[in-house]
Protein chains: 2
Amino acid sequence: MEQHDHSYKDKKVISIGIVSELTGLSLRQIRYYEERRLISPQRTTRGTRKYSFSDVERLMEIANKREDGVQTNEILKEMRKKEMRSNPDYRKKMLEGQLNAQFHFRNKK
Amino acid sequence: MEQHDHSYKDKKVISIGIVSELTGLSLRQIRYYEERRLISPQRTTRGTRKYSFSDVERLMEIANKREDGVQTNEILKEMRKKEMRSNPDYRKKMLEGQLNAQFHFRNKK
DNA sequence: CGTGTAAGGAATTCTGACACG
DNA sequence: CGTGTAAGGAATTCTGACACG
């Protein structure tokens with residue numbers, strides 16, 4: 001589950017109040033985006049939310065899209081696509097897919 | 001006053017409770033090291049302390065030295081030396097100093 | 001759908017001080 | 001000197017709900 005371990009960027013250590021200051025979003029908005037599964041903070045033992053710098057960046061992207069009128073549902077889809085694209089497994093499959101396409105194309109011709 | 005700006009490492013965003021968990025130090029200890037000027041967290045508008053990952057690393061160094069019985073006073077001196085060494089201005093002067101030393105050495109011989 | 005807000009409780013943080021040594 | 005602790009107050013965060021639209 002861990003990648004670099006020394007990547008400060010992904011350490012969940014920021015409380016929601018600071019995230020709010022950093023992003024300009026209200027606490028309500030930040031919690032709502034979690035409900036819609038756009039972000040997933042960690043919880044401390046007693047249940048307070050902790051965010052990483054990655055989460056903060058993600059929230060700023062979300063804020064931009066929301067400003068453009070994009071619904072959370074759409075934002076979720078877009079983000080899933082993006083994540084897929086950066087997934088090595090998916091890349092491999094895409095490559096195979098492309099080769100197959102070329103193959104079919106040649107045969108059709 | 002800023003270096004990279006994109007250096008998450010130096011952004012003061014972590015509350016003292018999290019720092020305590022991260023370092024294993026008590027709140028009392030963390031505040032005391034601040035009193036002794038070993039660290040300098042930022043304050044939010046209402047006065048709560050905010051630390052960076054750099055601060056956390058520094059605190060871990062402090063913890064190690066304290067375990068070895070080094071007094072805060074000594075730790076402060078050591079850290080100042082270290083900072084001097086990594087200060088470009090100081091480097092320049094040291095270089096000049098060395099050259100001078102060589103010069104004197106030659107003349108003496 | 002996305003966000004504001006009032007509500008009540010629980011957990012956090014702050015400071016200054018006394019204690020021990 | 002370095003750290004623990006009890007004390008009282010202020011600020012933070014949490015959840016579930018009602019409101020508007």
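We name chains A, B, ... by the order of the sequence lines, and we start the count at 1 in each one.
The CD-P distance, from B:Q42 to C:dC14, rounds to 14 Å in whole Å. Atom CD1 of A:I16 and atom P of D:dT13 are 7 Å apart (whole Å). Rounded to a whole Å, the NZ atom of B:K50 is 7 Å from the P atom of C:dT13. Spacing between atom OH of A:Y32 and atom P of C:dT3 amounts to 7 Å, rounded to whole angstrom units. Atom CD1 in A:I14 sits roughly 18 Å away from atom C1' in C:dT12 (whole-Å rounding). Rounded to whole Å, atom C1' of D:dT12 lies 13 Å from atom OH of A:Y51. Protein atom CG of A:L27 is 14 Å distant from nucleotide atom P of C:dA6, rounded to whole Å.
Here the side chain of B:R46 is nearest to one of D:dT12, D:dT13, C:dT13, namely D:dT12. Of the candidates D:dG2, D:dT13, C:dT3, C:dT3 carries the atom nearest the A:R66 side chain, counting heavy atoms from C-beta on. Minimum atom distance to the side chain of B:T48 is reached by C:dC14, of the listed D:dG2, D:dT3, C:dC14. Among the nucleotides C:dC14, D:dG4, C:dT3, the one closest to any side-chain atom of A:Y33 is C:dT3. When distances run from any side-chain atom of B:S15 to the nucleotides D:dT3, D:dC14, C:dT13, the shortest one goes to C:dT13.
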Which nucleotides of DNA chain D pair, in dot-bracket form (Watson-Crick or G-U under 3.5 Å, | meaning another strand): .||||.||.|.|.||.||||.
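For the pair A:N73 and A:T44, both in contact range of DNA chain C, the more 5′-proximal nearest nucleotide belongs to A:N73.
When each of A:L25, A:I30, A:T48 is tested with A:I16 by the rule side-chain contact (heavy atoms from CB on, under 4.5 Å), just one qualifies, namely A:I30.
Atom CE of A:M60 has 12 or fewer heavy atoms from other residues, nucleotides or ligands within 6.0 Å.
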Short N/O separations, protein against nucleotides 15-18 of chain D, under 3.5 angstrom:
residue : atom : partner : partner atom : Å
D:dT15  : OP1  : A:R43   : NH1          : 3.0
D:dT15  : OP1  : A:R43   : NH2          : 3.4
D:dT15  : OP2  : A:R49   : NH2          : 2.4

Salt bridge (Lys or Arg N to Asp or Glu O under 4.0 Å) assessment of B:E74 paired with B:K77: CA-CA 5 Å; B:E74 288 304 315; B:K77 281 185 209 160; 3.5 Å; yes
Steps toward side chain to side chain contact (heavy atoms under 4.5 Å, CB included) verdict (A:S54, A:K9): CA-CA 6 Å; A:S54 293; A:K9 200 176 166 184; 3.5 Å; yes
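Put simply, the side chain of B:R31 never gets that close to the backbone of B:E35: no donor and acceptor are under 3.5 Å apart.
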